[in-house]
Number of protein chains: 2
Amino acid sequence: MNSLKARLKGAAVTSPAVSSRDLPHPESAEIRLESVLHALSDPMRLRIVRELAADGDELSCSYFDLPVTKSTTTHHFRVLRESGVIRQVYRGTAKMNGLRRDDLDGLFPGLLDALLDAAARQAARVRDLGDG
Amino acid sequence: MNSLKARLKGAAVTSPAVSSRDLPHPESAEIRLESVLHALSDPMRLRIVRELAADGDELSCSYFDLPVTKSTTTHHFRVLRESGVIRQVYRGTAKMNGLRRDDLDGLFPGLLDALLDAAARQAARVRDLGDG
DNA sequence: GCCGTACTACGATGACTATCGTACGAGACA
DNA sequence: TGTCTCGTACGATAGTCATCGTAGTACGGC
């Protein structure tokens, strides 16, 4: 049942180099706190970032099973990339996504961990409410 | 030249009790991380929160010298209140604003400090760029 | 070369938002 | 009572955004 995840998690690692297509990313110094917060203020994108932080640093877009269409998924990943939260790289037909942890930690030490911890706490809180 | 600030910073502290008008606030348990991040993703509101954290915990709306009209200022304060970031209380004609630090620290330990630190670092970075 | 998979581009749409101006209400003070 | 200040309410407006569907591109494998 996790065959899909297993298949996609390390997809196309055999490719030694990056595809010719490359995507525009902000440089580290161009990353704005407001943009990062805006990117993470959407539940779908916060969820993506949480999975990315928990499950490894190179996940394809299709690894995520989001309750929206592919177009919308593309949109959310673009927002995350353009805000500097993730780095995206084509590998074959897949687009691999990785958290820009080093850049974010360099700019805003402790922020990413605090955000991930806050998100985890909130998720646990919501889960507890669901349990009754 | 800071007479305005001095006058407004402790305005109406003589009033012992809160006015009859009171404003709707989310309870601590109702505060959502996404809403907090969304509230802080606006430069104007991030600035308000930074001043609030640095300059005391009971500042009137008019203490802030924001480059927008009064209507817009009201709007931003409402967003901050409804997201659970600040608490607002009428005192005479003034509306006093305070960070909900205890609630936020209780829900998301370390988050507020990390955010304030991140904002301070970015402000310093921008300042350095300005100095050339 | 052909097909399937992964993702994109584009246009549309409905919702939200930051901003303003004007008009109004609530309290302090003469 | 009148007046001043602080802040609100309301309507308008221009912009952004999350979402979709459809059509299209890029790559890998047959």
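Chain letters run A, B, ... following the sequence lines, proteins first and then strands; every chain starts at 1.
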Glu82(B) has an atom CD; how far is it from atom P of dC16(C), in whole Å?
13 Å
Can you list every side-chain hydrogen bond (donor to acceptor under 3.5 Å, both in side chains) pair that touches residues 105-122 of chain B, not counting sequence neighbours?
Glu34(A)-Gln122(B), Arg101(B)-Asp113(B), Asp117(B)-Arg121(B)
Taking atom P of dC27(D) as reference, at what distance in whole Å does atom CE of Met96(A) sit?
16 Å
Run the ring-ring contact (aromatic ring centres under 6.0 Å, His included) test against Phe108(A) and tell me which residues pass, sequence neighbours left out.
none
Between P of dT16(D) and CD of Glu34(A), the distance in whole Å:
16 Å
Integer-rounded Å distance: dC7(C) P and Tyr90(A) OH
9 Å
Show me the pairs that pass salt bridge (Lys or Arg N to Asp or Glu O under 4.0 Å) and involve residues 60-77 of chain A, at least two apart or across chains.
none
Using atom CG of Leu66(A) as one end and atom P of dA6(C) as the other, report the distance to the nearest whole Å.
15 Å
Does Arg78(A) have any side-chain contact (heavy atoms from CB on, under 4.5 Å) partners at least two apart in sequence or in another chain, and if so, which?
His75(A), Arg81(A), Glu82(A)
Once side-chain contact (heavy atoms from CB on, under 4.5 Å) is applied, do any residues pair with Arg50(B), and if so which ones, sequence neighbours excluded?
Leu116(B), Ala119(B), Ala120(B), Ala123(B)
Output the rounded distance in Å from CG (Leu23(B)) to C1' (dA26(C)).
13 Å
Calculate the interatomic distance between Asp22(A) atom CG and dA26(D) atom C1'; express it in whole Å.
14 Å
Looking at dC6(D), I'd like to know if its phosphate oxygens (OP1 or OP2) sit under 4.0 Å from a side-chain N or O belonging to Arg91(B).
no
Side chain of Ser60(B): nearest nucleotide among dC7(C), dA28(C), dG7(D)?
dG7(D)
Kindly say if Ser62(A) contacts the phosphate of dC7(C), meaning a side-chain N or O under 4.0 Å from OP1 or OP2.
yes
Round to a whole Å and report the spacing from CZ of Phe64(A) to C1' of dA6(C).
15 Å
Could you list the protein-to-nucleotides 17-23 of chain C atom pairs, N/O on both sides, closer than 3.5 Å?
from    : atom 1 : to       : atom 2 : distance (Å)
dA18(C) : OP1    : Arg45(B) : NH2    : 3.3
dA18(C) : OP2    : Arg45(B) : NH1    : 3.1
dA18(C) : OP2    : His75(B) : NE2    : 2.7
dT19(C) : OP2    : His76(B) : NE2    : 2.3
dC20(C) : OP2    : Thr69(B) : N      : 2.8
dC20(C) : OP2    : Thr69(B) : OG1    : 3.2
dC20(C) : OP2    : Thr72(B) : OG1    : 2.9
dG21(C) : N7     : Ser71(B) : OG     : 3.3
dG21(C) : O6     : Ser71(B) : OG     : 2.9

Have Ser71(B) and Thr74(B) got a donor and an acceptor in their side chains that come within less than 3.5 Å?
no
Enclosure of Glu27(B) CD (heavy-atom neighbours >12, cutoff 6.0 Å):
no
